[in-house]
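Notes for the one structure printed next.
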Amino acid sequence: MQALYAQLLVGLINGSFYALLSLGLAVIFGMLNIINFAHGALYMMGAFVAYFFLEYAGIGYWWSLLLAPIVVGLFGVILERTMLQWLSGLDHLYGLLLTFGMALIIQGLFQNYFGSSGLPYAIPDLLKGGVNLGFMYLPIYRGWVVIFSLIVCIATWYLIERTRLGANLRAATENPTLVRAFGINVPRMITLTYGLGVGLAALAGVLSAPINQVRPLMGADLIIVVFAVVVIGGMGSIMGSIITGFALGVVEGMTKYFYPEASNTVVFVLMVLVLLVKPTGLTGRAH
Amino acid sequence: MNRILSALLLSTAIVFAGSSAFAQDKTVKIGVLNDQSGLYADLGGAGSTLAAQMALEDSGLLKKGWKIDLISGDHQNKPDIGSNIARQWFDVDKVDVIVDVPNSGVALAVNNIVKEKNGVYINSGAATSDLTNAQCSPNTVHWTYDTYLLAHSTGGALVKAGGDSWFFLTADYAFGAALERDTTAVINSAGGKVVGGVKHPLNSSDFSSFLLQAQASKAKIIGLANAGGDTTNAIKQAAEFGIVSGGQKLAALLLFLTDVHSLGLNVAQGLNFTETFYWDLNDQTRAFSKRFQDRMKTKAAPSMVQAGVYAGVLHYLKVLEAAGGNSHDGAKIVAQMKATPTDDPLFGKGTIQENGRKIHPAYLFEVKKPSESKGPWDYYKLVATVPADQAFTPLSESKCALLKK
């Protein structure tokens, strides 16, 4: 029984990454109608930027949490301005293909210069060590990841669903012409939204750097699972992504305990089952 | 008169047949097949292609007018993709020799194809000892290391040092299974026991669930029967979950130089493991590594897999030169490779056994503390040397069908 609690907690930790990443994807899909396949590569860039900060500028983990998402977010803004904006109004497939191609290029470039096995990034001193919870030894850093991701997820949800800015944003995606008539700069809002989504991916990357190696393929390994999370949760649904992210982390953790061989596939089995019953995903609406 | 004429004709025919045997083909095509983009890309990958390139340059054959081509392919750690590339290389590209091929699953699949096509197979990257046992082939040489070596050297040393109860974290494919099997045999014969284990999918990024199970087992040693990115992630996360500080010991049964580099000395220090090559062993290995590093885009020092590719290709070309040309008859060339003693700057003098197993010494290393390391890539301390005749499966125990018993 004790082992089960431990697995639940570990599942929740992985779920935080799924939630943060699928949240960014959902924001981008909901607002821009783009299936952002470059999300994994941008997550990886977040981790690499944190590594560069530490290695070449002496900027530590805490500042990286703030600065790396901004740097990568700006990169996202450039991507949106130079490429993605021309796709508005076209079929989803174009955005998917373009972002998939970008992901391959970004990953390829990093792999070319840094190899594939990754670079070390240490846990910040303040969060080193762990506490004995009785049923498990919980590394403090992992606990921090869960709490921090939860806060970020809820803040993002609040921003989009409960503030005036979020209301404008949602209105702009529903009826851009009308919103423009009120004097709101819709293209700029779209660009900033993409930047925000990319920043969330980069933030997840910084969070993950001390746990996983900083590797060019870290995003590629994760992104397929995250897409499954988004599909199960319902494309574009913010709350759906957050809840499904955490829930699937737990399901995966349980599978690792009861039948480890299936842990890489359980998410996809679930996806098939959910789609059979409810093709729009758990909380999604039909588009 | 007729008799004299036919005797003349016959002798001319013999002379011609003889001379054609000597005027052999001086073209060779080498195919480097490995993981060039995934979790084993740093320990083999582009570095193995470079090592093969350096071997053909160092062989001196190019200057003697030989035409040697080198191509490479990415098997993506998938046996079906590896098999398809191998088939295409033999059927369309007329490749003579396939080298490297890490990932035991792919390696065993390619082994069958090379035998079917009568090519030459110099495997450096794969670990499974099956390549020279149950699945041995007259066309295969297994160069660098294998699971028998890892199990006996690293596993044996740890059992001797008091690690008598084990829990395995095993990569769920041919390599993990072979390494766990061979190490279990060593543990059992030394009086220890395996109390449990978990099989994880290849290329897992999160090991926390598995590590918690290992922790709960209370085994003295947690054996990592995996490689590359899987091993580094497991080691890093084991430190995080306080496994080593909690009194359990981590046994990285297979660890490469590139893995230690990726982990950093802070995390990797103190780990014991076995390799058959290290760049800083002697003047010759240092000289080679310097040349290698200068040409590598990532400036990485060579891993033992890349060293094995270099030495294997060098020996192969040496044998072709001694034969006067390339007969393109794989089994015949491999037989000559076995008959010729090996001698190269990286592994020293050695031999190739009848079952295809290349024999050379192995080294038990310990990762240095950060304070002991003098510079980049200065990572290992030599703990013990395993003599060549004890490092690998004794022929009396080999299950290879090529051995006449």
Side-chain angles (χ1 to χ4, degrees), chain A residues 2-3 5-11 13-14 17 104 107-108 111-123 128-132 135-142 208 210-218 220-222 225 249 252-265, chain B residues 35-47 169-170 172 197-213 215-217 228-229 231-233 235-237 239-243 245-246 256-268 296-300 303:
Chain A
Q2 286 196 341
Y5 289 139
Q7 298 298 343
L8 267 173
L9 195 56
V10 164
I13 296 163
N14 285 333
F17 289 108
L104 291 182
Q107 274 160 207
Q111 198 160 29
N112 205 10
Y113 288 101
F114 303 101
S116 63
S117 49
L119 303 157
Y121 192 90
I123 293 175
K128 274 196 176 133
V131 279
N132 199 340
F135 58 91
M136 76 176 288
Y137 176 92
L138 176 72
I140 291 172
Y141 186 78
R142 302 242 171 183
S208 132
I211 299 183
N212 300 301
Q213 297 290 91
V214 179
R215 289 179 303 129
L217 291 180
M218 61 194 282
D221 299 340
L222 203 61
V225 180
E252 202 187 48
M254 289 289 122
T255 316
K256 279 181 179 162
Y257 181 67
F258 289 109
Y259 191 62
E261 289 88 340
S263 56
N264 273 12
T265 44
Chain B
D35 174 5
Q36 309 210 332
S37 53
L39 79 169
Y40 302 151
D42 280 359
L43 60 95
L169 291 191
T170 306
D172 193 13
V198 55
K199 288 192 166 43
H200 67 78
L202 177 67
N203 207 4
S204 294
S205 56
D206 177 61
F207 281 85
S208 40
S209 287
F210 310 130
L211 289 166
L212 285 176
Q213 293 174 49
Q215 210 166 20
S217 76
T231 311
T232 48
N233 275 329
I235 292 172
K236 188 165 181 180
Q237 292 167 15
E240 209 193 324
F241 277 87
I243 298 243
S245 52
F256 296 96
L257 185 69
T258 44
D259 297 333
V260 175
H261 180 71
S262 156
L263 279 168
L265 292 184
N266 268 324
V267 177
M296 268 302 270
K297 195 171 277 163
T298 55
K299 300 294 163 206
S303 71

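Each chain gets a letter, A, B and so on, in the order its sequence line appears, and its residues count up from 1.
- Contacts of A:I123 with chain B are made by side-chain atoms alone, with heavy-atom separations under 4.5 Å and no backbone atom involved.
- Contacts of A:I211 with chain B are made by both backbone and side-chain atoms, with heavy-atom separations under 4.5 Å.
- Remark: the backbone N or O of A:P210 is not paired with any side-chain donor or acceptor of B:E240 at under 3.5 angstrom.
- Using a 4.5 Å cut-off between heavy atoms, B:D206 contacts chain A through both its backbone and its side chain.
- In terms of non-hydrogen atom pairs under 4.5 Å with chain A, the most contact-rich of B:G242, B:G47, B:A216 is B:G242.
- Across all non-hydrogen atoms, the minimal contact from A:Y137 to B:F241 is CD2-O, 3.1 Å.
- For a residue to count as touching a neighbouring chain, one of its non-hydrogen atoms must lie under 4.5 Å from one of that chain's; by this rule B:F210 touches chain A with the side chain only.
- Ranked by non-hydrogen atom pairs under 4.5 Å with chain A, the options B:G264, B:G246, B:S209 are led by B:S209.
- For B:A46, the side chain to side chain contact (heavy atoms under 4.5 Å, CB included) criterion is met by no residue, not counting sequence neighbours.
- Each of B:Q215, B:K299, B:K236 has some count of heavy-atom pairs under 4.5 Å with chain A, and the biggest count is that of B:K236.
- For A:S116 (side chain) and B:G38 (main-chain N/O), a donor-acceptor pair under 3.5 Å exists by modelled atom type.
- With a 4.5 angstrom heavy-atom cutoff, B:L202 touches chain A only via backbone atoms.
- With a 4.5 Å cut-off on non-hydrogen atoms, B:K199 touches chain A through its backbone and its side chain both.
- Side-chain contact between B:Q213 and A:Q7 is present, with heavy atoms from C-beta onward closer than 4.5 Å.
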(request) Check the pair B:S208 / A:R142 against side chain to side chain contact (heavy atoms under 4.5 Å, CB included), numbers first and verdict last. (result) CA-CA 10 Å; B:S208 40; A:R142 302 242 171 183; 3.5 Å; yes
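- A:Q213 places a side-chain N or O within donor-acceptor distance of the main-chain N or O of B:S262, the cut-off being under 3.5 Å.
- Side chains of A:R215 and B:S205 form a contact here, defined as non-hydrogen atoms less than 4.5 Å apart.
- Here the CZ-CG distance, from A:F114 to B:D42, works out to 12.5 Å after rounding to the nearest 0.5 Å.
- Using a 4.5 Å heavy-atom cutoff, the side chains of A:N264 and B:N203 are not in contact.
- The backbone N or O of B:S37 lies less than 3.5 Å from a partner atom in the side chain of A:Q111, making a donor-acceptor pair.
- Between chain B and the residues A:P260, A:G118, A:P139, the largest count of heavy-atom pairs under 4.5 Å involves A:P139.
- The choice from A:L138, A:N14, A:L217, A:L9 that makes the most heavy-atom pairs within less than 4.5 Å of chain B is A:N14.
- The contact between B:A41 and chain A is made by backbone and side chain atoms together, counting heavy-atom distances below 4.5 Å.
- Rounded to the nearest 0.5 Å, atoms OG (A:S263) and NE2 (B:H200) are 9.5 Å apart.
- Heavy atoms from other residues, nucleotides or ligands lying under 6.0 Å from NZ of B:K297 number 12 at most.
- Side-chain contact between B:Q237 and A:N212 is present, with heavy atoms from C-beta onward closer than 4.5 Å.
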